[in-house]
K.L.:
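Before I ask anything, let me first share the structure, which is written out below as structure tokens.
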Amino acid sequence: MLDEQTRLSIEMALTANRDDPLLRQRQNARAMQLGLSGAEIDAARAGRSFDLRRSRALALALGSPARRGSLRTRARQVGMCDAACLEIERLADRLSSRHQR
């Protein structure tokens, strides 16, 4: 459901605080392959995007489970389907638990 740029943006936002130069380098290389600019990469790591849909996806991924209902509604308002929202939530949960170790 999600495009690769959105998936990678979510990953970069959720792992931005890790002290892992190799991960950062791999993400930068992948972002460049996908056509993201340096400004878009910086924005993604800060949990933002210049694209409204991607911005809502990031907000959903970074939001607390208690806020997911309202964040999901906002994502739907920009055309995201329920399956895409669920994919974002699962990706966020997986990345958050894996990278908190």
K.L.:
Checking R30 now: which residues fulfil side chain to side chain donor-acceptor pair (under 3.5 Å) with it, not counting sequence neighbours?
P.N.:
Q33
K.L.:
Can you tell me how far apart CG (L91) and CG (L86) are? Round to the nearest 0.5 Å.
P.N.:
11.0 Å
K.L.:
Donor-acceptor pairs are to be reported for all side-chain atoms of residues 77-85 against protein atoms at under 3.5 Å, with residues two or more places apart or in another chain.
P.N.:
{"from": "D82", "atom 1": "OD1", "to": "R76", "atom 2": "NE", "distance (Å)": "2.5"}
{"from": "D82", "atom 1": "OD1", "to": "R76", "atom 2": "NH2", "distance (Å)": "3.1"}

K.L.:
Does anything in residues 19-29 pair up under salt bridge (charged side-chain N to carboxylate O under 4.0 Å, His left out), and if so which pairs, sequence neighbours excluded?
P.N.:
R18-D20
K.L.:
If you link ILVMFWY side chains whenever their heavy atoms are less than 4.5 Å apart, which other residues fall into the same cluster as L34? By chain and number, please.
P.N.:
L8, M12, M32, L36, I41
K.L.:
Just to verify, what does A39 make a side chain to side chain contact (heavy atoms under 4.5 Å, CB included) with, not counting sequence neighbours?
P.N.:
S37, F50
K.L.:
What pairs of residues pass the salt bridge (charged side-chain N to carboxylate O under 4.0 Å, His left out) test when at least one of them lies in residues 35-64, not counting sequence neighbours?
P.N.:
D3-R54
K.L.:
Would a 4.5 Å heavy-atom cut-off, applied to side chains only, mark E11 and L23 as touching?
P.N.:
yes
K.L.:
Could you grab the distance from atom CG of L58 to atom CD1 of I88, nearest 0.5 Å is fine?
P.N.:
8.5 Å
K.L.:
Once rounded to the nearest 0.5 Å, what's the spacing between atom CZ of R67 and atom CZ of R74?
P.N.:
8.5 Å
K.L.:
Could you walk me through whether S49 and Q5 pass side-chain hydrogen bond (donor to acceptor under 3.5 Å, both in side chains), step by step?
P.N.:
CA-CA 11 Å; S49 175; Q5 291 174 332; over 6 Å; no
K.L.:
Who pairs with A92 by side chain to side chain contact (heavy atoms under 4.5 Å, CB included), at least two apart in sequence or on another chain?
P.N.:
L14, A61, R68
K.L.:
Salt-bridge test for E87 and R90: reply yes if a basic N is under 4.0 Å from a carboxylate O, no otherwise.
P.N.:
no
K.L.:
Once rounded to the nearest 0.5 Å, what's the spacing between atom CZ of R7 and atom OG of S9?
P.N.:
11.5 Å
